[in-house]
Amino acid sequence: AQTVTQSQPEMSVQEAETVTLSCTYDTSESDYYLFWYKQPPSRQMILVIRQEAYKQQNATENRFSVNFQKAAKSFSLKISDSQLGDAAMYFCAYRSAVHAAGNKLTFGGGTRVLVKP
Amino acid sequence: DGGITQSPKYLFRKEGQNVTLSCEQNLNHDAMYWYRQDPGQGLRLIYYSQIVNDFQKGDIAEGYSVSREKKESFPLTVTSAQKNPTAFYLCASRDPGREQYFGPGTRLTVT
């Protein structure tokens, strides 16, 4: 079974600065997807960014970028130019690329991001 | 507007009672999922369904049951056998080739 670990319960960042969230995972599969989801106080889960394991290029979405290290099974999220609206819980998640696995998501425990004005 | 509806937003029940959480989607998605979230923790998969009239257990299915009689509906019943039912419950659906889309969630409190 796959596991996802987020070792930072909480991170604080000054507005306009950069913060990096860590995520490690364990899997025996070679093809999979990794995600970062944002959960603001409304508790709605919002997909921030997606990485396909077979792609070496790191995914980028505006101010959000990832550092995907497949051999190390590491998947960190960098938030640049942090804004007050970035304050939320952030979850790292894994999904197998095997269709028979049901496209289920396995989540880490989350990291709370605080943004200071 | 297309989306997922979970009702009610807050639900209160007495211990020993079964309770059914509603999840309806008008996105025409084949697959639907139920997750549980406890305070300060990530989501854990309870049940999922990839097509109508078929569903599979997730990682924490004990004490829960589901049905999938219609494509747009995937209700979750929390039975009295679930030892710690108080939690936040999230429903999601998915179209092939796309990622899971989440509903707004239901906060269940059992006393």
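Lettering follows sequence order; numbering is per chain, from 1. We use all heavy atoms of the structure for the numbers below, so side chains are in, but hydrogens, waters and symmetry mates are not.
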| task | Considering only NZ, NE, NH1 and NH2 on the basic side and carboxylate oxygens on the acidic side, decide whether Lys104(A) and Asp59(B) come within less than 4.0 Å. | result | no
| remark: Cut-off 4.5 Å, heavy atoms of chain A, and the answer for Gln41(B) is backbone
| query | Between Leu45(B) and chain A, which part of the residue has a heavy atom less than 4.5 Å away: side chain, backbone, both or neither? | reply | side chain
| Winner by heavy-atom pair count (cut-off under 4.5 Å) against chain B, out of Leu105(A), Ile46(A), Leu47(A) | Leu105(A)
| Under 3.5 Å, is there a donor-acceptor pair between the side chain of Gln25(B) and the main chain of Leu27(B)? | yes
| task | Flag the one option from Arg95(A), Met89(A), Arg112(A) with the top tally of heavy-atom pairs under 4.5 Å to chain B. | result | Arg95(A)
| note | Applying a strict 4.5 Å limit to non-hydrogen atoms, the region of Gln6(A) in contact with chain B is neither
| request: State whether a side-chain donor-acceptor pair under 3.5 Å links Thr27(A) with Tyr32(A). | output: no
| said: Whether the Thr77(B) and Thr20(B) side chains hold a donor-acceptor pair (N or O, under 3.5 Å, no angle test) is what I'd like checked. | reply: yes
| said: Hydrogens and angles aside, do Ser96(A) and Glu29(A) bring a side-chain donor and acceptor to less than 3.5 Å of each other? | reply: yes
| field | Top of Gly103(B), Gly105(B), Ala31(B) for chain A proximity - count of heavy-atom pairs under 4.5 angstrom | value | Gly103(B)
